[in-house]
2 protein chains.
Amino acid sequence: MTTEPATPQDEARTRILDAAEALLRRHGPDKVAVTDVARALKMSHANVYRFFENKAALFDALVRRWLGRLEGPLSKIAAEDGPAPERLKRWALTLHRQKREKVSGEPEMFAAFDKAAEHAGGAVRAHLEALERQLSAIIADGRAQGVWPAPTPTAAMDVFAAISSFSHPGIVQANGAADRSAELERVVKLIDSGLRAGG
Amino acid sequence: MTTEPATPQDEARTRILDAAEALLRRHGPDKVAVTDVARALKMSHANVYRFFENKAALFDALVRRWLGRLEGPLSKIAAEDGPAPERLKRWALTLHRQKREKVSGEPEMFAAFDKAAEHAGGAVRAHLEALERQLSAIIADGRAQGVWPAPTPTAAMDVFAAISSFSHPGIVQANGAADRSAELERVVKLIDSGLRAGG
DNA sequence: TTAGTTACAGATTTCAAGTTTTGTAATTAG
DNA sequence: CTAATTACAAAACTTGAAATCTGTAACTAA
């Protein structure tokens with residue numbers, strides 16, 4: 001989890017991403033050009049292309065970094081060793097809260113994230129895979145602890161599908177980032193019952 | 001379930017909706033003006049406004065009619081009197097299939113539907129309420145049949161939330177209308193287990 | 001070899017104009 | 001009183017020229 005840039009390449013990439021993120025937050029998305037980023041760093045835009053293949057790759061990297069920060073608290077919960085059912089509930093609620101906060105608190109970054117998602121950007125795929133890995137870990141712990149006797153091989157995927165309407169950007173946004181924690185808690189309870197009963 | 005227009009008012013409304021739907025299917029959405037609809041019917045556009053408050057109301061009514069047709073097979077399943085768990089599964093799978101078919105088979109209508117949803121159109125709200133009523137009926141049957149002993153008052157809402165990622169337009173579309181029946185079947189099984197265990 | 005540059009063609013975006021469309025009002029016909 | 005019309009202002013959309021942006025190539029500096 002080192003955020004430190006290692007090679008000079010990485011350092012330059014980080015500086016470019018920092019500048020791009022600052023611009024993105026000031027002016028919204030769609031209004032940040034590669035030339036703007038270059039200008040902010042007092043370099044020619046052609047030089048930016050030495051560090052990122054193209055504009056999409058630059059913003060994909062930006063979204064990847066942003067989503068990585070969002071994943072932090074979640075991976076912590078996944079790595080704990082308390083009772084799995086409580087962790088599953090807390091993990092789901094935290095994910096819901098994170099997404100809501102991003103939608104209402106960082107709308108520019110969120111819009112960029114949405115856009116990257118549309119363009120089949122790797123960042124979003126990587127994010128979803130990371131989340132599913134965390135969920136798999138919690139479920140594996142639940143089996144080890146004996147609370148969930150026989151989760152199927154697809155259990156993590158299935159649970160993720162069942163709670164995804166509480167974290168999917170489009171749906172969260174369509175609901176005006178409303179707090180649906182109470183409903184999510186009930187859905188998790190239902191799933192937990194199902195897992196205890198053995199799928 | 002009479003589709004027959006009753007009053008002359010309704011007849012005019014139906015003729016207008018028919019014309020609007022035909023135009024919508026030929027040319028996509030965004031390209032159908034109230035003036036076009038009026039021209040197709042050889043009336044002035046001002047006359048159309050005698051039957052629909054405004055353009056949004058016209059398209060909302062169109063979407064409402066379209067969604068009503070989509071709800072048909074589902075309400076039939078909800079009204080059957082076989083075993084509730086099997087009906088829940090079939091209902092969920094049918095909803096998923098319906099949405100996928102609409103996305104890939106009637107993209108213009110679907111786009112109009114999506115647009116209506118964004119504009120907080122009543123049609124979509126009515127659709128969601130109708131679906132939830134059907135789900136409530138199936139769950140009430142399950143309790144009556146003794147398979148699901150103690151569903152909570154919010155059970156239908158919770159189940160709907162858990163399977164909504166398989167029917168939500170945005171998500172279905174983002175997945176390229178892919179068939180996720182197998183996954184949905186697993187999610188329903190999980191929910192069914194949860195309901196049997198008493199939620 | 002890596003960081004950086006200038007110069008350029010093609011794609012995309014902007015912006016002001018003209019045009020269409022929306023929604024209303026006043027009016028006519030039965 | 002309902003079905004329909006014409007006429008109109010304001011909002012939304014189209015269009016095409018000008019400006020900007022993207023991505024590449026050929027080059028310089030350390």
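Quantities reported herein were computed from a predicted structural model and do not represent experimental measurements. All chains are named by letter (A, B, ...) in the order of the sequence lines, taking the proteins before the strands, and each is independently numbered beginning at 1.
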Report task. Check the pair Phe166(A), Leu95(A) against side-chain contact (heavy atoms from CB on, under 4.5 Å), reporting the backbone distance first and the verdict last. Result -> CA-CA 8 Å; Phe166(A) 296 88; Leu95(A) 178 57; over 6 Å; no
Report task. Is it possible for you to say whether Leu128(B) and Met109(B) belong to one hydrophobic cluster, with membership spreading through side-chain heavy-atom contacts below 4.5 Å? Result ->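 Cluster IDs for Leu128(B) and Met109(B) match.
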Report summary line: In B/S/- notation (B base, S sugar-phosphate only, - none; protein heavy atoms under 4.0 Å), nucleotides 4-29 of chain D written 5' to 3' is BBB--------------SBBBB----
Report task. Under 4.0 Å from any atom of DNA chain D, heavy atoms only: list the residues of residues 17-24 of chain B that qualify, in numerical order. Result ->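 Of all residues in residues 17-24 of chain B, none places a heavy atom under 4.0 Å from DNA chain D.
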Query raised in the report: Roughly how far, to the nearest 0.5 Å, is the CZ atom of Phe51(B) from the CG atom of Leu17(B)?
Result: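 Answer for the CG-CZ pair, Leu17(B) versus Phe51(B), is 11.5 Å.
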Report task. Can you measure from CE (Met157(A)) to CG (Leu135(A)) and round to the nearest 0.5 angstrom? Result ->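 Those atoms lie 12.0 Å apart.
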Report task. Could you walk me through whether Thr152(A) and Leu190(B) pass side-chain contact (heavy atoms from CB on, under 4.5 Å), step by step? Result -> CA-CA 10 Å; Thr152(A) 62; Leu190(B) 191 61; over 6 Å; no
Query raised in the report: Asp158(B) versus Ile191(B): any side-chain heavy-atom pair under 4.5 Å?
Result: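 No, their side chains stay 4.5 Å or more apart.
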Query raised in the report: Would you call Glu106(A) and Arg69(A) a salt bridge, using N to O less than 4.0 angstrom?
Result: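 Looking at Glu106(A) and Arg69(A), the cut-off is not met.
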**Report entry** Under-4.0 Å salt bridge between Glu21(B) and Arg25(B)
**Finding:**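 Yes, this pair counts.
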Requested in this report: Would you mind reading off the distance between Phe52(B) atom CZ and dT22(C) atom P, rounded to a whole angstrom?
Outcome: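 Computing the Phe52(B):CZ to dT22(C):P distance gives 14 Å.
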